[in-house]
Amino acid sequence: MIPLIGLVVGIVLGIVFQPSVPALLQPYLPIAVVAALDAVFGGLRASLDGIFDDKVFVVSFLSNVVVAALIVYLGDQLGVGAQLSTGVIVVLGIRIFSNVAAIRRHLFKA
C-alpha cells in the first residue's frame with residue numbers, strides 16, 4: 001500500500017510542479033525511463049514470485065539507470081550514440097517483455 005501512495009504522491013507533485021529536463025540531459029531521459037521500467041517490472045515479478053528484496057530493487061533500479069545512461073553517453077562520445085541507444089532499448093525491451101510475460105503467467109495461470 002505504501003508504494004502505491006508514493007506513486008500517487010510522485011505523480012501529483014510532477015503535475016503540480018511540472019519539472020523540466022535540462023537540454024543536456026534530454027537525450028538520456030528516454031533510456032533512463034526504459035531502464036527504470038525494467039527494474040520496476042523485475043521488482044513486480046520478484047514480488048509475485050515471493051523473492052522481492054527492497055535493497056536489491058533499489059540497487060537494480062539505480063544501477064540500470066546509471067549504466068544505461070553511461071552506455072549512451074559513451075556512444076555519443078564515440079559518435080555512435082544512436083546505435084548504442086538502440087541496443088540498450090532492444091536489450092531492456094526484451095527484459096521488460098520477458099518480465100511482463102512471467103507476470104501474466106503468474107496472474108492468469110496461463
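Note: hydrogens, waters and symmetry copies are ignored here, and every other heavy atom, side chains too, is used.
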Quiz item: How long is the span from the CD1 atom in Ile96 to the CG atom in Leu37, to the nearest 0.5 Å?
Solution: 5.0 Å
Quiz item: Honestly curious: do Leu24 and Leu29 fall in one hydrophobic cluster under the side-chain, below-4.5 Å linking rule?
Solution: no
Quiz item: Cluster question for you: counting only ILVMFWY and a side-chain heavy-atom cut-off of under 4.5 Å, with indirect links fine, are Phe108 and Val100 together?
Solution: yes
Self-check item: Leu70: which of Val67, Leu74, Val66 passes side-chain contact (heavy atoms from CB on, under 4.5 Å)
Solution: Val66
Quiz item: Which residues satisfy the side-chain hydrogen bond (donor to acceptor under 3.5 Å, both in side chains) test with Asp76, sequence neighbours excluded?
Solution: Tyr28
Quiz item: Pro27 versus Val72: any side-chain heavy-atom pair under 4.5 Å?
Solution: no
Quiz item: Does the pair Val34 and Val88 meet the rule for a side chain to side chain contact (heavy atoms under 4.5 Å, CB included), with working shown?
Solution: CA-CA 9 Å; Val34 172; Val88 169; over 6 Å; no
Self-check item: Path from Leu7 to Ile15 over hydrophobic side-chain contacts below 4.5 Å
Solution: yes
Quiz item: Is there a path of hydrophobic side-chain contacts, each under 4.5 Å between heavy atoms of I, L, V, M, F, W or Y residues, that connects Ile71 with Leu25?
Solution: yes
Practice problem: Supply the atom-to-atom distance Leu84 CG to Tyr73 OH, rounded to the nearest 0.5 angstrom. | Solution: 13.5 Å
Quiz prompt | CG on Asn99 to CG on Leu44, rounded to 0.5 Å | solution = 8.5 Å
Self-check item: Sequence neighbours excluded, every pair satisfying side chain to side chain donor-acceptor pair (under 3.5 Å) that has a member inside residues 46-65
Solution: Asp38-Asn64
Quiz item: With Phe97, which residues qualify under ring pair (Phe, Tyr, Trp, His ring centres under 6.0 Å), at least two apart?
Solution: none
Quiz item: Considering all heavy atoms of both residues, which atom of Ala68 and which atom of Ile31 are nearest to each other, and what is their separation?
Solution: CB-CG2, 3.4 Å
Quiz prompt | Verify same cluster id: Leu4, Val12 (apolar side-chain graph, 4.5 Å) | solution = no
Quiz prompt | Gap separating the CZ atom of Phe41 from the CG atom of Leu92, nearest 0.5 angstrom | solution = 12.5 Å
Quiz item: Looking at CZ of Arg45 and CZ of Arg95, how far apart are the two atoms once the value is rounded to the nearest 0.5 Å?
Solution: 10.0 Å
